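What follows is a set of notes on a single structure, which appears directly below.
Bear in mind that the values here come from a model prediction, so they are computed numbers and not experimental data.
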Amino acid sequence: MSKDEIFVKLREILVSVFELEESEVTPEALLADDLDLDSIDAIDLVVKMKEFTPEGKPAVDASIFKEVKTVQDVVDALASVWA
């Protein structure tokens, strides 16, 4: 799964689950400050992203969200897990 594909899936989840506007979900958007997501939301996001884990790749581990600050950080972290 490419970074672009990951971003699209991530944006879809953020819009549908967290009721964000699509225009708010940019690579530069800060998860906490811009999108108002907290640690509980991060867990919900991990659960949703597990549904999109490519076959044969490791499932998303919540620990990757300890260091992320932006949407792009999440995309990069997922891409490295699924590489």
Determine whether more than 12 heavy atoms belonging to other residues, nucleotides or ligands lie under 6.0 Å from atom CG of D36. no

Restricting to non-hydrogen atoms, name the atom on [X] and the atom on [Y] that form the minimum distance, rounded to 0.1 Å.
X: L78; Y: M49; result: CD1-CE, 3.4 Å
X: D44; Y: F18; result: CB-CZ, 4.0 Å
X: F52; Y: I13; result: CE1-CD1, 3.5 Å
X: D34; Y: E28; result: OD2-O, 4.2 Å

Given side chains that start at C-beta, do those of [X] and [Y] come closer than 4.5 Å, heavy atoms only?
X: K9; Y: I6; value: no
X: L45; Y: L14; value: yes
X: K57; Y: V81; value: no
X: L10; Y: V74; value: yes
X: F7; Y: V71; value: yes

Report the residues that fulfil salt bridge (charged side-chain N to carboxylate O under 4.0 Å, His left out) with [X], sequence neighbours left out, ordered by chain and then residue number.
X: K69; value: none
X: D73; value: none
X: E51; value: K48
X: E21; value: none

Backbone N or O of P54 within a donor-acceptor pair of the W82 side chain at under 3.5 Å? no

Do V25 and V17 share a hydrophobic cluster (ILVMFWY, side-chain heavy atoms under 4.5 Å, transitive)? yes

Quick one: side chain to side chain contact (heavy atoms under 4.5 Å, CB included) partners of E22, sequence neighbours excluded? R11, V15

Taking side chain to side chain contact (heavy atoms under 4.5 Å, CB included) as the criterion, tell me which of T70, D41, V68 meets it with L31. V68

Apply side-chain hydrogen bond (donor to acceptor under 3.5 Å, both in side chains) to E5 and list each qualifying residue two or more places apart in sequence or on a separate chain. S2

